[in-house]
Amino acid sequence: MASELCHTISVARLEKHKNLFLNYRNLNHFPLELLKDEGLQYLERLYMKRNSLTTLPENLAQKLPNLVELYLHSNNIVFVPEAIGSLVKLQSLDLSNNALEILCPDIGRLKSLRHLRLTNNRLKFLPPEIGKLKELQTLDLSTNHLVSLPEKLYQCQSLQFLTVDRNLLCSVPRQLCQLASLNELSMAGNCLASLPLDLGRSRELQYVYVDNNVQLKGLPSYLYNKVIGCSGCGSPVPLTENRLLSFTSGQLSIHVPAEVKSIGSATDFVLPLQELVLRSLHAVFCSFLQDLSCTTPFSLPKSLLELLKCPLGHCHRCSQSMFTIVYPKLFPLRETPMAGLHQGRTAVSFVAYCCSTQCLQMFDLLS
C-alpha cells in the first residue's frame, strides 16, 4: 500500500497533475511524499476522503500553493492548524464528518473560499472571522452542537445557501436578514422558538426550512408566498427556559424574539418615548450620513450604534424601522390558501409585525 501510494504521488509530480485522488487509503497521517521537494505546485484539487487523518500539516500551503479544492470528508480531524489560512487560492473546503470541536479564526483568511462544508462535527461555536469570507456562497453546518451563529456572518454578502440543520440553536441573529444574496436558509431540527422579524424581507430569499422546531409557533409574514418547510412546528410543549415575550390572540400564542422589549396592542395609540427617539435618530442618520459608522461626532454607545445599523425589524406594512416595540397580528397558516400544502403537519401562524396601531389595523396578509 505504501509503495502504491508513493507511486501515485510520484506520477502526479512528474506529470504535473492538477487532480490527485487519495480516497480510501487508510491514511493515519498526511503523506510525507506530498510535502517533499517541488513538483506538486500544479496541483489544484486534492481528494483525501474516508481516511483516518487527525490533523493537517503546517506547511501545506507552502508545498501546495495552487490548491483550489480540498476534500477531507470522513476522517478523524480534530484540529485544523492556523496555516490553513495561507491557502489563498482555496475555493472549496470539505471537512464534513470529522471530529472538529473548534474552527480556528484563520479560516477568515481564505479570501477566495466559495464553499465551506462542516457537516457532522462537534462545533459549539464559529469564530466571528468567518464574516471575512466575502466570496463564500455555500456554508453547511448541519449536525453540529452550535448554540448560536456569529452576528458577523452577515458580512458574507455573497452567501447564497446556509444550512444549519440539527444543531442546538435557540435563536438566530437578526443581522442574518441583511444577507442580500441568500437564496436558501435551512434551520430544521433546532430549538428555535422565534425568528427574526425581517426574515423573508429580502426578495432573494425564496426557500426557508424550519421543520421540527417544535417550540416555533410564529413565522414572519414576509415568508408568505415563499417556499417554506415547517412540519413538526407549533407543539404545545412549553419552553424549558422561557425568557421571551409572548403574544396571545384568541387561542393562538407566539413568542417574539428576545430583543423585543414590549408588545403593543390595537388600543396603544401612543408610541413609547424611547421608540420615538430611536426612530427619529435613525431617520436623521439615514438622511445625513451615507455610512452609519461615521459616528465620531455623536459619540454613540456601541450597542446603540449597532441597533441603528440593524433595527429589530421593519414594519410589514409600511417598512418603518422598529427598535423596541412591535404590534403583531396573527394569521393561522391553516386558514390561508397555503394550508393544503402542509396538510395539517404544522400548527404555526404567520405574524405581521407592525409599527403602529394604524398599520396593525390596515395590514391584510392576503391582499
Side-chain angles (χ1 to χ4, degrees), residues 105 108 125-136 139 148-160 162 164 169-183 185 187 192 194-205 208 220-223 244-245 256-264 271-328 351 353-356 359:
F125 66 91
L126 296 177
E129 286 80 4
I130 202 167
K132 296 180 180 179
L133 301 176
K134 305 301 183 185
E135 300 299 321
L136 192 65
L139 178 58
S148 64
L149 294 175
E151 293 180 1
K152 296 292 184 181
L153 189 58
Y154 83 92
Q155 296 177 345
C156 299
Q157 286 296 303
S158 298
L159 192 61
Q160 299 175 25
L162 175 58
V164 284
L169 299 177
C170 294
S171 64
V172 290
R174 68 183 188 280
Q175 287 82 357
L176 259 61
C177 300
Q178 296 180 331
L179 288 168
S181 300
L182 192 64
N183 177 256
L185 173 62
M187 302 182 290
L192 297 172
S194 65
L195 296 174
L197 277 57
D198 274 355
L199 188 64
R201 187 169 185 250
S202 167
R203 292 185 178 181
E204 286 298 319
L205 185 60
V208 176
S221 68
Y222 286 129
L223 294 177
L244 304 178
L245 292 177
V256 299
E259 298 157 314
V260 175
K261 304 303 181 186
S262 59
I263 296 175
L271 285 169
L273 180 59
Q274 184 183 17
E275 181 71 17
L276 287 171
V277 170
L278 287 169
R279 291 186 188 184
S280 298
L281 184 57
H282 184 261
V284 171
F285 268 49
C286 291
S287 299
F288 296 103
L289 297 177
Q290 295 295 322
D291 184 356
L292 288 182
S293 63
C294 300
T295 58
T296 304
F298 300 91
S299 300
L300 293 175
K302 182 179 179 181
S303 59
L304 177 56
L305 177 59
E306 291 300 321
L307 186 58
L308 291 173
K309 285 183 177 180
C310 183
L312 295 189
H314 296 79
C315 178
H316 290 200
R317 181 180 179 274
C318 73
S319 294
Q320 166 69 52
S321 297
M322 301 179 291
F323 298 91
T324 61
I325 187 172
V326 296
Y327 294 78
V351 189
Y353 293 104
C354 298
C355 67
S356 64
C359 285

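Positions are given from 1, in the same order as the sequence printed here. In this text, all values refer to a predicted model and were calculated from it rather than measured experimentally.
- No donor-acceptor pair closer than 3.5 Å links the side chain of Ser181 to the backbone N or O of Leu159.
- The nearest pair of heavy atoms linking Pro150 to Pro128 is CB-CA, 4.2 Å.
- The structure places CD of Gln274 at 10.5 Å from CD1 of Ile325, a figure rounded to the nearest 0.5 Å.
- Leu197 is listed as a side-chain neighbour of Met322, based on a closest heavy-atom distance under 4.5 Å.
- Between the side chain of Gln320 and the backbone N or O of Cys315 there is no donor-acceptor pair closer than 3.5 Å.
- Residues Val172 and Val164 have side chains not in contact (no heavy-atom distance under 4.5 Å, counting atoms from C-beta outward).
- Atom CG of Asp198 is separated from atom OG of Ser319 by 8.5 Å, given to the nearest 0.5 angstrom.
- Taking every heavy atom of both residues into account, Pro220 and Tyr353 meet most closely at CA-CE1, 4.5 Å.
- Listed by first and then second residue, the side-chain hydrogen bond (donor to acceptor under 3.5 Å, both in side chains) pairs that reach into residues 169-180 are Arg174-Glu259, sequence neighbours excluded.
- Side chain of His314 to backbone of Arg201: no donor-acceptor contact under 3.5 angstrom is found.
- A tilted orientation is assigned to the rings of Tyr222 and His316, their planes being inclined by 30° to 60°.
- In plain terms, the two heavy atoms of Pro127 and Pro105 that are nearest each other are CB-CA, 4.1 Å.
- Annotation: the span from Glu151 atom CD to Leu153 atom CG amounts to 10.5 Å, rounded to 0.5 Å.
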**Request:** Go through the steps to decide whether Glu275 and Arg279 satisfy the test salt bridge (Lys or Arg N to Asp or Glu O under 4.0 Å), and finish with yes or no.
**Result:** CA-CA 6 Å; Glu275 181 71 17; Arg279 291 186 188 184; 2.8 Å; yes
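- When side chains are defined from C-beta on, Leu308 counts as touching Phe323, because their heavy atoms get closer than 4.5 Å.
- In this structure, Phe125 CZ and Ser148 OG are separated by 9.5 Å, a value rounded to the nearest 0.5 Å.
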**Request:** Output, in order, the C-alpha distance, side-chain angles, deciding distance and verdict of side chain to side chain contact (heavy atoms under 4.5 Å, CB included) for Lys309 and Leu307.
**Result:** CA-CA 5 Å; Lys309 285 183 177 180; Leu307 186 58; over 6 Å; no
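- Summarising the local packing, CD of Glu306 is surrounded by more than 12 heavy atoms from other residues, nucleotides or ligands at distances under 6.0 Å.
- Taken from CG in Leu149 to CD1 in Ile130, the straight-line distance is 9.0 Å, to the nearest 0.5 Å.
- Residues Lys261 and Leu312 are not in side-chain contact: their nearest non-hydrogen atoms beyond the backbone lie 4.5 Å or more apart.
- Taking both residues in full, the closest heavy atoms of Leu179 and Cys156 are given as CD2-O, 3.3 Å, listed atom of the first, atom of the second, then distance.
- Taking CG from Leu162 and CG from Leu205, the interatomic distance works out to 10.0 Å, rounded to the nearest 0.5 Å.
- For the pair Cys177 and Leu199, the minimum side-chain heavy-atom distance is below 4.5 Å.
- At distances below 3.5 Å, at least one donor-acceptor pair connects side-chain atoms of Asn183 with backbone N or O atoms of Glu204.
- Taking 4.5 Å as the limit, some side-chain heavy atom of Leu304 sits within range of a side-chain heavy atom of Leu278.
- Contact check for Leu271 versus Tyr327: side-chain heavy atoms found under the 4.5 Å cut-off.
- Smallest separation of non-hydrogen atoms from Gly264 and Pro328: O-CD, 3.8 Å.
- Using a distance-only test at 3.5 Å, with no hydrogens or angles considered, a donor-acceptor pair links the side chain of Ser158 to the main chain of Lys134.
- Cys318 approaches Cys359 most closely through the heavy-atom pair SG-SG, 3.7 Å.
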